[in-house]
Number of protein chains: 2
Amino acid sequence: MPSAKRTKPMRRGIASGSAAVALTRQAEDYLKTIYEIERNGDAAATTLIAARLHIAPASVSGMVRRLARQGLVEVERYRGARLTIRGRRRALQMIRRHRILESYLVTRLHFGWDGVHEEAERLEHAVSPDLIERMAAALGHPAVDPHGAPIPRADGTVDDMRLRTVGDLAVGRSARVARMSDRDPALLRYLGELGIRPGVSLRLVDRAPFEGPLTVAVGRMRHIIGTAVARQVYVR
Amino acid sequence: MPSAKRTKPMRRGIASGSAAVALTRQAEDYLKTIYEIERNGDAAATTLIAARLHIAPASVSGMVRRLARQGLVEVERYRGARLTIRGRRRALQMIRRHRILESYLVTRLHFGWDGVHEEAERLEHAVSPDLIERMAAALGHPAVDPHGAPIPRADGTVDDMRLRTVGDLAVGRSARVARMSDRDPALLRYLGELGIRPGVSLRLVDRAPFEGPLTVAVGRMRHIIGTAVARQVYVR
DNA sequence: CCAGAAAGTTAGCAGCTACTAACTTTCATC
DNA sequence: GATGAAAGTTAGTAGCTGCTAACTTTCTGG
């Protein structure tokens, strides 16, 4: 079952040119997490990485050091981590895998959009590039996943524009739902019940004072949603 | 990305009733390997496990002890390991996953039958039972995989009868190819070129003396194959 | 039966990834 | 600018999985 080529320590000065080095599941998750945090501009803070991965901050320091040793991140002590070019390439590869997997599972194996995330999360570390490209081809190379998130291209580029959320909408304004987080199945189910999914149009009818709940119109239904929910629904 | 429930040591006296405990990739591979070795009747010898997994015998002793601690194998010191009921169930679950994955990849994603093994080998540790059952359903619950190997049922039973190989055939006898090993892509490609695959009929035309090469007729072609190859092709 | 070979085990080491506890640095606020 | 809180790091521990080296047990063939 292994076909295992011993993965020896195999140190090198410049940490190998570019040919995707074998990384552990964990290392790949760190890279993805750092990528997502970094999208907000700043270096990824230890505590944020720890919180997203549900591990202790102390554990992050160690792993980040290992990633730095492999040339995947740059660290400034007490200041957080940033992906290197190679790190970013790898992070985007994982995200591409994740989103293609989600798309495939939803359209070809009838997974619910609220349940795919977890499955894709495990599979993304096990699939070969060949399999991913076969899935992408079978799907006709989709540009977005079932949650509306853009799928990075095989060459490592993405169109990942920053979108407004329902929470940013001015009262009375309409917008089309573009995307929502895939992380929380319960939230997705809830939104699904309200008819809120990528593609539908909605209008912000009212906003209670002091960061209070919002009233949105979807079709001819009205729903009252909390601000936390409103922040998870991206519109265009 | 983790949705990680901390996997605490969590010791128990009887090692949990039956609800599939989380195992590492390695542990799962050991179970599969032991299962396959045990099919020959004897307890699985340390050296054999080591050879199949391409690791040192010393490493096997340690892992086998851990598997025993978890109630998955029984060990008699210096005598080898045997699967417990739970261990066997788990091994068969992995084999089911592997074979359904191979079937799915070949029929739905156009993988060559010589290349699927490795992909399935990685995926089998990452797929959920739900995904496997969806794939099985999509394929119409096949009984055998693309190499002719029987797919264990979801309830953990298999019809795994011992078959003769081409090497066992008497000169002049015909038989239908039932199955072949999925392990060696080069061998599979070679057999494919000879037109030898599950379902085709062949006849043993001649057998050179002293364990020498065999001449087989496939359709109206004749091929001379070595005994090592002949032992890998199962017939019925 | 007994000696050498083969098989198997233990001991000690290393790297990974996580933990807690204790310490250091940085930040925010007065 | 000092100071306490927050953030981050190090040190030490633990389990997993692999390794090699050295030792023990079992087998095999004279």
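Throughout, protein chains are lettered first and strands after them, A, B, ... in sequence-line order, and every chain is numbered starting at 1. Nothing here was measured: the structure is a model prediction, and the numbers come from that model.
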Could you check how far [atom1] of [X] sits from [atom2] of [N], rounded to whole Å?
X	N	atom1	atom2	result
B:Tyr78	C:dT9	OH	C1'	4 Å
A:Arg66	D:dT9	CZ	P	13 Å
B:Leu53	D:dC19	CG	P	10 Å
A:Gln26	D:dT17	CD	P	12 Å
B:Tyr30	D:dC16	OH	P	13 Å
A:Glu76	D:dT9	CD	P	11 Å
B:Asp29	D:dG18	CG	P	9 Å

- request: Of all the heavy-atom pairs spanning A:Asp114 and A:Pro185, show the shortest one and how long it is.
  value: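 The answer is O-CB, 3.1 Å.
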query: From C:dA18, C:dT9, D:dC19, pick the nucleotide closest to the side chain of A:Ile55?
result: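 Of the candidates, C:dA18 comes closest.
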query: Under 4.0 angstrom, heavy atoms only, what part of the nucleic acid is B:Arg79 near: base, sugar-phosphate, or nothing?
result: sugar-phosphate
task: List for me each residue that meets side chain to side chain donor-acceptor pair (under 3.5 Å) alongside B:Arg82, sequence neighbours excluded, and say none if there are none.
output: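 So B:Arg82 forms no side chain to side chain donor-acceptor pair (under 3.5 Å) with any residue.
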query: Who are the side chain to side chain donor-acceptor pair (under 3.5 Å) partners of B:Glu74, not counting sequence neighbours?
result: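 None.
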query: Taking only residues two or more places apart in sequence, or in another chain, which ones meet A:Asn40 in a side-chain contact (heavy atoms from CB on, under 4.5 Å)?
result: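 Partners of A:Asn40 by the side-chain contact (heavy atoms from CB on, under 4.5 Å) criterion, ordered by chain and then number, come out as A:Arg162.
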- prompt: By side-chain contact (heavy atoms from CB on, under 4.5 Å), which residues pair with B:Ala228, not counting sequence neighbours?
  reply: B:Arg231
query: How would you list, by chain and number, every residue that makes a salt bridge (Lys or Arg N to Asp or Glu O under 4.0 Å) with B:Arg164, sequence neighbours excluded?
result: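 Counting only residues at least two positions away or on another chain, B:Arg164 forms no salt bridge (Lys or Arg N to Asp or Glu O under 4.0 Å).
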Write out a two-atom table: protein N or O, nucleotide N or O from nucleotides 10-12 of chain D, distance below 3.5 Å.
unit_1 : atom_1 : unit_2  : atom_2 : d
D:dT10 : OP1    : A:Arg77 : NE     : 3.4
D:dT10 : OP1    : A:Arg77 : NH2    : 3.3
D:dT10 : OP2    : A:Arg65 : NH1    : 2.7

